[in-house]
J.: 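Dumping the structure here so I can ask a few things about it.
Within every chain, numbering begins at 1; the chains are lettered A, B, ... in the order of the sequence lines, protein sequences first and strands thereafter.
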There are 2 protein chains.
Amino acid sequence: MADTQMLPPEQQICFALYSASRSMTGRYRTLLAPLGITYPQYLAMLVLWETGSSTVSQLGDRLQLDSGTLSPLLKRLEALGLVTRGRSARDERVVEITLTPAGSDMRRYAPHIAEQICAATGLPMNELVELQSQIAALAQRVRELT
Amino acid sequence: MADTQMLPPEQQICFALYSASRSMTGRYRTLLAPLGITYPQYLAMLVLWETGSSTVSQLGDRLQLDSGTLSPLLKRLEALGLVTRGRSARDERVVEITLTPAGSDMRRYAPHIAEQICAATGLPMNELVELQSQIAALAQRVRELT
DNA sequence: TGAATTTAGGTTGCGCACAACTAAATCGTG
DNA sequence: CACGATTTAGTTGTGCGCAACCTAAATTCA
């Protein structure tokens, strides 16, 4: 267990993740500015483009976010006219988030954004996929420590 | 450029980084709770344990954070009695952040924390180092796109 | 030397994250 | 069926991140 002792932040895995995540989010900030949404809002849109409609807790499961984050975020997407929020008839506890036509239309910009992001990494697609899966596996292992 | 088109968030590199970063920070939250500091505060302490004393902009360069984040963060560390803040005599624009004895003492807990974090990744040290350097390189490439 | 520029740090405002808490609806068991 | 436990969202409060803006001090250089 040689020298985990006092590594500088630059050589620690968590700082690499923290720093890389913020760098990538900054890239998204530029790309998403014309759409008027933030990166976490874009993540919610990605799920909705796939499902058409989701409950708050389904979005929370997909994005690993709780209602304290999602409730105000989804209200902002509603204020932008991209989604509607409404209580389920079957179960009044549940809030269904549904894309509006404007929200669906926005999907047209997604391919261009994804392409720009991949280019920004400077990695070929096969390496990108490999790195992605390693990081996702790491996240899951850490998350599952309760 | 096969299918960057509409991948779900779970298969995108940025979401992996974002999710992994939050998982790891959550782990640090548990480990740092006894010390009463947050992960970003811990990062500042790591730099100060190495240097003894730094200016705000030096900390900003190391951690890639601006004064809008660091100024209030450092005031909180000062309120906790871990650092002192004072204008440089040579250059009145510069604020020097210096460890207090209590701040230096806290260094004793660092090895245990680093060990717990490495264990939480579930990776052997050589793989951890390899992954860290790939992610750090990615972050730097993205950051350097201006 | 004195005006323009640069640099260092701080403030404000907004949007996450997350803990802790609340209210309402539903479920499960006796 | 009753009633306690669980589930679902929302609210509040704190601490980041970051853009935009501000002030003061130092530097440049005409």
Side-chain angles (χ1 to χ4, degrees), chain A residues 14-15 17-30 32-33 35-44 54-61 63-80 83 85-97 139 143, chain B residues 14-15 17-30 32-33 35-44 54-61 63-80 83 85-97 139 143:
Chain A
C14 185
F15 180 74
L17 291 166
Y18 166 78
S19 180
S21 177
R22 289 192 297 118
S23 296
M24 293 287 283
T25 301
R27 205 81 212 134
Y28 271 104
R29 187 172 298 113
T30 304
L32 293 174
L35 305 188
I37 62 175
T38 66
Y39 178 65
Q41 290 167 14
Y42 175 74
L43 289 177
S54 292
T55 69
V56 175
S57 58
Q58 284 169 345
L59 284 167
D61 289 344
L63 306 180
Q64 307 296 328
L65 292 170
D66 69 7
S67 67
T69 300
L70 285 175
S71 285
L73 183 153
L74 294 170
K75 281 192 181 178
R76 277 172 222 122
L77 288 182
E78 185 183 38
L80 290 171
V83 307
R85 300 183 318 124
R87 294 275 168 187
S88 161
R90 299 182 206 294
D91 185 339
E92 286 287 336
R93 293 172 302 182
V94 172
V95 171
E96 285 283 349
I97 310 298
R143 207 180 310 122
Chain B
C14 185
F15 181 73
L17 291 167
Y18 165 78
S19 180
S21 176
R22 289 193 296 119
S23 295
M24 293 288 283
T25 301
R27 205 80 212 135
Y28 270 104
R29 199 181 338 276
T30 304
L32 293 174
L35 306 188
I37 63 175
T38 65
Y39 178 65
Q41 290 167 12
Y42 175 73
L43 289 177
S54 292
T55 69
V56 174
S57 57
Q58 285 169 344
L59 284 167
D61 288 344
L63 306 180
Q64 307 295 327
L65 292 170
D66 69 6
S67 67
T69 301
L70 284 174
S71 285
L73 183 152
L74 294 169
K75 282 192 180 179
R76 278 174 221 120
L77 288 180
E78 185 183 38
L80 290 170
V83 306
R85 300 182 319 125
R87 295 274 168 187
S88 161
R90 301 182 205 290
D91 186 338
E92 285 287 336
R93 294 172 301 181
V94 173
V95 171
E96 285 283 348
I97 310 297
R143 206 180 311 123

J.: Determine whether B:Leu80 and B:Gln41 make a side-chain contact, defined as any pair of heavy atoms from C-beta on separated by less than 4.5 Å.
T.: yes
J.: Whole angstroms only, please: what is the CD1-C1' distance between B:Ile37 and D:dC16?
T.: 14 Å
J.: Is the closest side-chain heavy-atom distance between B:Ser21 and A:Arg22 below 4.5 Å?
T.: no
J.: Heavy atoms, side chains only, cut-off 4.5 Å: are B:Leu73 and B:Pro40 in contact?
T.: yes
J.: Under 4.0 Å, counting only non-hydrogen atoms across every strand here, what does A:Thr69 touch: a base, just sugar-phosphate, or nothing?
T.: base
J.: According to side-chain contact (heavy atoms from CB on, under 4.5 Å), who are the partners of A:Glu92, at least two apart in sequence or on a separate chain?
T.: A:Arg87
J.: Is there a side-chain contact between A:Arg29 and the phosphate of D:dA19, meaning an N or O under 4.0 Å from OP1 or OP2?
T.: yes
J.: Mind checking whether B:Phe15 and A:Tyr39 have side chains closer than 4.5 Å, heavy atoms only?
T.: yes
J.: To the nearest 0.5 Å, how far apart are CG in B:Leu70 and CG in B:Leu59?
T.: 6.0 Å
J.: Would you compute the distance between atom OH of B:Tyr18 and atom CG of A:Leu65 and round it to the nearest 0.5 angstrom?
T.: 4.0 Å
J.: Nearest-Å distance, CZ (A:Arg76) to P (D:dG10)?
T.: 13 Å
J.: How far does OG of A:Ser23 sit from CD of B:Gln64, to the nearest 0.5 angstrom?
T.: 7.0 Å
J.: Give the rounded distance in Å between these two atoms: CG of A:Leu59 and C1' of D:dG10.
T.: 15 Å
J.: Taking only N and O in the side chain of B:Thr38, is any of them less than 4.0 Å away from OP1 or OP2 of D:dC16?
T.: yes
J.: Once you round it to whole Å, what is the distance between P of D:dC16 and CG of B:Asp66?
T.: 13 Å
J.: Let me know the distance between CG of B:Leu43 and C1' of D:dG15, rounded to the nearest Å.
T.: 14 Å
J.: Which of residues 19-28 of chain A sit near DNA chain D, with a heavy atom under 4.0 Å from it?
T.: A:Arg22
J.: Between atom CG in A:Leu73 and atom P in D:dG10, what is the gap in whole Å?
T.: 12 Å
J.: Reading DNA chain C 5' to 3', which nucleotide is the first, and which the last, to come under 4.0 Å of any heavy atom in chain B?
T.: C:dT7 to C:dA19
J.: What is the distance, to the nearest angstrom, from the CG atom on B:Leu65 to the P atom on D:dC16?
T.: 10 Å
J.: In the structure I gave you, are the side-chain heavy atoms of B:Lys75 and B:Ser71 within less than 4.5 Å of one another anywhere?
T.: no
J.: Is there a side-chain contact between A:Ser67 and the phosphate of D:dA9, meaning an N or O under 4.0 Å from OP1 or OP2?
T.: no
J.: How do A:Tyr18 and A:Asp91 order along DNA chain D: which one's closest nucleotide is nearer the 5' end?
T.: A:Asp91
J.: Quick one: is B:Gln64 getting a side-chain N or O under 4.0 Å of the D:dC18 phosphate, OP1 or OP2?
T.: no
J.: B:Leu63 has an atom CG; how far is it from atom P of D:dC18, in whole Å?
T.: 12 Å
J.: For residues B:Ile37 and B:Leu77, determine if any side-chain heavy atom of one lies less than 4.5 Å from a side-chain heavy atom of the other.
T.: yes
J.: With nearest nucleotide decided by heavy atoms, which residue, B:Val94 or A:Pro72, maps closer to the 5′ end of DNA chain C?
T.: B:Val94
